[in-house]
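Each residue takes its place number in the sequence, starting with 1. Just so it is clear, the values below take in all heavy atoms, side chains as well, and ignore hydrogens, waters and symmetry mates.
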Amino acid sequence: MEDHTQMSWKEDTIIGQLTNSIENASMAVGQALTNPSEQFIHQAHEMLERADRAVENALKNQGQSDPISSLQDQLNQQKEKLNRLH
């Protein structure tokens, strides 16, 4: 039987890492929107891809949950913002 405190710690770590990844992507998208140079747009795409992988890992390791769904929605909003540049 797995210790519940251990599971809670793992869940917090997964959500924390996912949150950081999405925040980094959001900052990169904001920078690309402010200064739509090739470099910043490329960096934003890379950060969004990393955040996508973080969402996939979180879903694989923890399953669908409200915090993950909420963060996934935030990520999708950032993708839409960046897509409006093109």
_Go through it in stages, so that I can follow the logic: the residues are Thr19 and Glu23, the test is side-chain contact (heavy atoms from CB on, under 4.5 Å), and I'd like the CA-CA distance, side-chain angles, deciding distance and then a yes or no._
CA-CA 6 Å; Thr19 300; Glu23 286 176 357; 3.5 Å; yes

Do [X] and [Y] belong to the same hydrophobic cluster, where Ile, Leu, Val, Met, Phe, Trp and Tyr are linked whenever their side-chain heavy atoms lie under 4.5 Å apart, directly or via other members?
{"X": "Leu48", "Y": "Val55", "value": "yes"}
{"X": "Val29", "Y": "Phe40", "value": "no"}
{"X": "Met27", "Y": "Ile41", "value": "no"}

Could you state the interatomic distance from [atom1] ([X]) to [atom2] ([Y]), rounded to the nearest 0.5 Å?
{"X": "Lys79", "Y": "Gln74", "atom1": "NZ", "atom2": "CD", "answer": "13.0 Å"}
{"X": "Asn57", "Y": "Ser21", "atom1": "CG", "atom2": "OG", "answer": "9.5 Å"}
{"X": "Gln77", "Y": "Gln72", "atom1": "CD", "atom2": "CD", "answer": "11.5 Å"}
{"X": "His45", "Y": "Leu85", "atom1": "NE2", "atom2": "CG", "answer": "8.0 Å"}
{"X": "Gln17", "Y": "Asn61", "atom1": "CD", "atom2": "CG", "answer": "9.5 Å"}
{"X": "Gln43", "Y": "Glu38", "atom1": "CD", "atom2": "CD", "answer": "11.5 Å"}

*Count the heavy atoms belonging to other residues, nucleotides or ligands that lie under 6.0 Å from CG of Asp66, then report whether that count exceeds 12.*
no

*Is atom CD of Gln64 surrounded by more than 12 heavy atoms (other residues, nucleotides or ligands) closer than 6.0 Å?*
yes

*Under a 4.5 Å cut-off applied to non-hydrogen side-chain atoms, are Leu71 and Ile15 in contact?*
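With C-beta onward as the side chain, the pair touches.
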
*State, yes or no, whether a side-chain contact exists between Glu80 and Arg84 at a heavy-atom distance under 4.5 Å.*
yes

*Search all heavy atoms of Gly63 against all heavy atoms of Ile68 and return the closest pair with its distance.*
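Answer, listing the atom of Gly63 first, then Ile68: O-CD1, 3.4 Å.
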
*Minimum heavy-atom distance between Ala51 and Leu18, given as atom pair plus value*: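 Residues Ala51 and Leu18, closest heavy atoms: O-CD1, 4.2 Å.
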
*Can any side-chain N or O of Ser26 pair as donor or acceptor with the backbone N or O of Ile22 at less than 3.5 Å?*
yes

*asked:* Given 3.5 Å as the limit, does a donor-acceptor pair link the side chain of Asn24 with the main chain of Asn20, or not?
replied: yes

*Indicate whether the side chain of His42 and that of Glu46 have a donor and an acceptor atom separated by less than 3.5 Å.*
yes

